[in-house]
Amino acid sequence: MSASGHVPVMLSEVLEQLAPRDGAIYCDGTFGGGGYAGAILEAARCTLFAIDRDPEAIARGAALATRHAGRLHLLEGRFGEMLALLEARDVTRLDGVVLDLGVSSFQLDDSERGFSFRGDGPLDMRMSKHGKSAADLVNTLDESELADVLYQLGEERYSRRIARVIVAARREAPITTTARLAELVRGCIPRDPSGIDGATRSFQALRLAVNDELGEVERGLAAAAALLAPGGRLVVVAFHSLEDRLVKRFMAGAAGRQAGASRHDPSSLMGRAAPAEFRLLTPRALRPGTAETNANPRARSARLRAIERLPLDHPAASRDAA
Ligand SMILES: C[S@@+](CC[C@H](N)C(=O)[O-])C[C@H]1O[C@@H](n2cnc3c(N)ncnc32)[C@H](O)[C@@H]1O
């Protein structure tokens, strides 16, 4: 990787699950550094619509779009609005969708974007550069709202204490930088013996809130499923448990299973939410191999899940509907 590049995570597994074909039409909902996009376009003579909400990612993709002129179409926007973005290009059916959730190394490593508690920069965290920033939330939410964000989206057990300290500090002066926020948060938390920075969970929570990332995942999954033709595949890589839980539940439901169904709990296997329209390609999430996590520690928490739309006359659809 270049000093400021993004190493695509689980790329070979993504390609294996998507299985790109000549003549097919795909959507990469999270273009980022174009790692997946370039590989998909190399793997088959297909067409790819690539979405990113970050204008910098779209601008960076221009060279790749030139290299694959007529086959790569870059769309600035949210994957949650994939239906409208594609419909504007007269695309109403897809053969595959990939989503690689979260932020890219380009975003994380640029302190001016305000995603990282390492280094210092403006407290921003907006992928699209629009809307309310992390500083807006930190300086305007009331104490209990702030605590709820930290607890629900960061699973931060010291959320109430951190919110109290933030609210006291902002009475003195608004909190406008990542270093100031990180310092306040670390001061509320006992040192973690495993070496995890005390600011990690709070920064994650604010990033998810600023970009409504969980809402986007829900809308993006539904839009992708609605667009997929029979045989079309949805491949999702998630990096933390809240996102992965949404993906797992959605895919289980699409495959006609109850999310979380367990053979240890027969009642969970009884009812089926809806007829199966998809089959699970990954009954269990795929994880990156050791070689990848050694080479790219950011891959460590990745989980890949994939489904495939069943043909209309597939027996599983009617069996599962019964
Ligand atoms: C992990 S990176 C993707 C990296 C890419 N797979 C690659 O190989 O280079 C995630 C990218 O998705 C974008 N993104 C995150 N959420 C988004 C959303 N809801 N809509 C559109 N783009 C989003 C981010 O701006 C970021 O550029």
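As the structure is a prediction and not an experimental result, all values here were calculated from the model. Counting starts at 1 for both ligands and their atoms, following the listed order.
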Trainee: If you look at each N/O of ligand 1, which protein N/O atoms lie under 3.5 Å away, and at what distance?
Mentor:
| unit_1 | atom_1 | unit_2 | atom_2 | d |
| --- | --- | --- | --- | --- |
| ligand 1 | 6 (N) | D100 | OD2 | 2.7 |
| ligand 1 | 8 (O) | G35 | N | 3.2 |
| ligand 1 | 8 (O) | Y36 | N | 3.0 |
| ligand 1 | 9 (O) | G33 | N | 2.9 |
| ligand 1 | 9 (O) | G34 | N | 3.2 |
| ligand 1 | 9 (O) | G35 | N | 3.1 |
| ligand 1 | 19 (N) | E216 | OE1 | 2.8 |
| ligand 1 | 20 (N) | F79 | N | 2.8 |
| ligand 1 | 22 (N) | R53 | N | 3.2 |
| ligand 1 | 25 (O) | D52 | OD1 | 2.7 |
| ligand 1 | 25 (O) | Q107 | NE2 | 2.8 |
| ligand 1 | 27 (O) | D52 | OD1 | 3.4 |
| ligand 1 | 27 (O) | D52 | OD2 | 2.7 |

Trainee: Let me know which of F49, F31, Y26 forms a ring-ring contact (aromatic ring centres under 6.0 Å, His included) with H73.
Mentor: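 That would be F49; it is the only one of F49, F31, Y26 passing the ring-ring contact (aromatic ring centres under 6.0 Å, His included) with H73.
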Trainee: Which of these passes side-chain hydrogen bond (donor to acceptor under 3.5 Å, both in side chains) with R113: D54, T178, D124?
Mentor: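 Only match with R113 under side-chain hydrogen bond (donor to acceptor under 3.5 Å, both in side chains): D54.
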Trainee: Mark yes when over 12 heavy atoms from residues, nucleotides or ligands other than R287 sit less than 6.0 Å from its CZ; otherwise mark no.
Mentor: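 Yes.
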Trainee: Above 12 or not: heavy atoms from other molecules or residues under 6.0 Å from CD of E143?
Mentor: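 Yes, enclosed.
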Trainee: Can you name the nearest heavy-atom pair linking L85 to E76, along with the distance?
Mentor: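 Smallest heavy-atom distance, with atoms named: CD2-O, 4.0 Å.
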Trainee: In terms of side-chain geometry, is the basic nitrogen of R303 or E243 positioned less than 4.0 Å from the acidic oxygen of its partner?
Mentor: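 Between E243 and R303 there is no salt bridge, as every charged N stays at least 4.0 Å from the carboxylate O atoms.
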